[in-house]
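I have placed the structure first, in the form of C-alpha cells, so that the comments after it can refer back to it.
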Amino acid sequence: MHTVKLLCVVFSGLCAVAWASSNRQPCHSPPLTSGTMKVVSTGGHDLASGEFSYDSKANKFRFVEDTAHANKTSYMDVLIHFEEGVLYEIDNKNESCKKETLQFRKHLMEIPPDATHESEIYMGSPSVTEQGLRVRVWNGKLPELHAHYSLSTTSCGCLPVSGSYYGDKKDLLFSFFGVETEVDDPQVFVPPAYCEGVTFEEAPDDHSFFDLFHD
C-alpha cells in the first residue's frame with residue numbers, strides 16, 4: 001500500500017531537490033489516487049463523506065458516499081468523465097442512471113494550471129520524527145463560477161490534503177484521508193451497463209463538480 005508516509009520517507013531527498021529547483025509551478029497528481037473525502041459547509045454542516053477514486057491521466061473521478069455517514073434517504077454515487085464533460089449519477093440498488101453534461105470541468109482533484117503558489121508550511125512539527133507533514137498551499141479564481149479556491153497538497157507526491165471553495169451559491173471545505181496512489185478496481189471509472197443508451201438531461205451552463213454538494 002502506497003501511503004503518504006511511504007512516499008515522503010522513501011522520496012524525501014528527491015522531493016527536497018525538486019522543490020529547491022522548482023519555480024513553484026502547480027504539481028501534478030499521481031496517475032491514480034483513492035481514499036476518503038469529506039465535504040462540509042463553512043457553517044459546519046456535513047454534506048458528504050465517502051470513498052473517492054481519481055485517474056489523473058484520463059481525468060475521471062468516482063465518489064461513493066458512505067451510507068453509514070448520515071441519516072439520509074438517498075446517497076451519492078457519481079462518476080465524472082471531465083474530459084468528455086459527462087456526469088453520471090448512479091443508483092446501483094435500482095439499476096438506474098442519470099446522465100448530464102458538465103460544461104465547467106475544473107475541480108479540486110487536480111491543481112489548475114493557472115493556480116498560484118501561496119506558501120509551503122508544516123502541519124504539526126517540522127522537527128519531531130513522524131509528527132509533521134509538509135504541504136504546499138495553492139490558490140486561484142474560477143471567474144466562470146464567480147468563485148475562488150485554495151488547495152493544500154503534500155510537498156512530496158502532490159497528494160490532496162484539503163481544499164476550500166468560496167462561491168456566490170455556496171462555500172465548501174474538503175478534507176482527504178488515507179490517500180493511496182492506487183485504485184483497487186479500475187472498473188470504477190466505467191459506467192454500469194444500465195447507463196448505456198440513457199439520454200442526456202439538460203443542465204445549466206455553469207453546472208460543475210461543486211454543485212454535487214449541498215444541504
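All values below come from the heavy atoms of this structure, side chains included, with hydrogens, waters and symmetry mates left out. Note that the structure is a prediction, hence the values are computed from the model and not measured.
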Candidate pair His107 and Phe82, rule ring pair (Phe, Tyr, Trp, His ring centres under 6.0 Å), full reasoning: CA-CA 9 Å; His107 52 89; Phe82 286 104; 3.9 Å; yes
Does Lys99 make a cation-pi contact with Phe200 (under 6.0 Å, within 45 degrees of the axis)? yes
Distance check, rounded to the nearest 0.5 Å: Asp66 atom CG versus Met76 atom CE? 12.5 Å
Please answer: with hydrophobic residues joined when any side-chain heavy atoms are less than 4.5 Å apart, are Leu172 and Leu142 in the same cluster? yes
Can you find a side-chain donor-acceptor pair between Tyr194 and Asn92 that sits under 3.5 Å? yes
Inter-residue atom distance Lys93.NZ - Tyr75.OH, 0.5 Å rounding: 10.5 Å
If only side-chain N and O atoms count, and only distance matters, is there a donor-acceptor pair under 3.5 Å linking Glu110 with Tyr54? yes
Considering only heavy atoms from C-beta outward, does the side chain of Thr181 approach that of Leu32 to under 4.5 Å? no
Exercise: do Asp205 and Gln103 side chains pair donor with acceptor under 3.5 Å: no
Check Ser49 against Phe63 and note the closest heavy-atom contact, atom names and distance. C-CZ, 3.9 Å
Please report, to 0.1 Å, the donor-acceptor pairs under 3.5 Å made by any side chain of residues 162-169, with sequence neighbours excluded.
{"unit_1": "Lys169", "atom_1": "NZ", "unit_2": "Asp211", "atom_2": "OD1", "d": "3.4"}

Within the 4.5 Å heavy-atom criterion, are Leu212 and Leu87 side-chain neighbours or not? yes
In this structure, would Met37 and Val183 fall into the same cluster of hydrophobic residues linked by side-chain contacts under 4.5 Å? no
Rounded distance (nearest 0.5 Å) linking atom CD of Glu84 with atom OG1 of Thr101: 13.0 Å
How are the rings of Trp138 and His117 set to each other: parallel, tilted or perpendicular (split at 30° and 60°)? perpendicular
Single-linkage hydrophobic cluster, 4.5 Å side-chain cutoff, Leu145 and Tyr149 together: yes
Distance in Å, Leu133 CG paired with Met123 CE, rounded so as to fall on 0.5 Å steps: 6.5 Å
Connected via hydrophobic side-chain network under 4.5 Å: Phe213 and Val64: no
Glu51-Ser34 side chain donor-acceptor pair, cut-off 3.5 Å: no
What closest approach, in Å, do Ala48 and Glu65 show between heavy atoms, and which atom pair accounts for it? CA-OE2, 3.7 Å
Is the closest side-chain heavy-atom distance between Thr153 and Ile111 below 4.5 Å? yes
Taking side chain as C-beta onward, heavy atoms only, is Gln187 less than 4.5 Å from Phe189? no
Would you kindly confirm whether Leu102 and Phe210 end up in one hydrophobic cluster when ILVMFWY residues are joined by side chain heavy atoms under 4.5 Å apart? yes
Nearest-0.5 Å distance, NZ of residue Lys60 to CG of residue Leu79: 8.0 Å
Residue of the set Val40, Leu47, Val39 for which side-chain contact (heavy atoms from CB on, under 4.5 Å) holds with Leu173: Val40
Measure the acute angle between the ring planes of Phe209 and Phe174, then classify it against the limits of 30° and 60° as parallel, tilted or perpendicular. parallel
Let me see the working for Phe176 and Phe52 under ring pair (Phe, Tyr, Trp, His ring centres under 6.0 Å), right down to the final yes or no. CA-CA 9 Å; Phe176 300 90; Phe52 79 87; 5.6 Å; yes
Flag the pair Thr33 / Leu159 as yes when at least one side-chain heavy-atom distance between them is below 4.5 Å, and no otherwise. yes
With no hydrogens and no angle check, is any side-chain donor or acceptor of Ser56 less than 3.5 Å from a backbone partner on Pro30? yes
If you define the side chain from C-beta out and look only at heavy atoms, does anything of Glu89 sit under 4.5 Å from Ser96? no
To the nearest 0.5 Å, atom SG of Cys97 lies from atom CD of Glu196 at 10.0 Å
Please report the shortest heavy-atom distance between His81 and Pro191, naming the atom on each side. CE1-CD, 4.1 Å
Under a 4.5 Å cut-off applied to non-hydrogen side-chain atoms, are Ile90 and Val78 in contact? no
With a 3.5 Å cut-off and no angle check, do the side chains of Ser155 and Glu120 form a donor-acceptor pair? yes
Given Thr154 and Val161, is the side chain to side chain contact (heavy atoms under 4.5 Å, CB included) satisfied, shown in steps? CA-CA 7 Å; Thr154 56; Val161 176; 3.9 Å; yes
According to salt bridge (charged side-chain N to carboxylate O under 4.0 Å, His left out), who are the partners of Asp77, at least two apart in sequence or on a separate chain? Arg62
Taking every heavy atom of Glu100 against every heavy atom of Ala203, the minimum-distance pair comes out as CB-CB, 4.5 Å
Student check: side-chain heavy atoms of Asp46 and Lys38 closer than 4.5 Å: yes
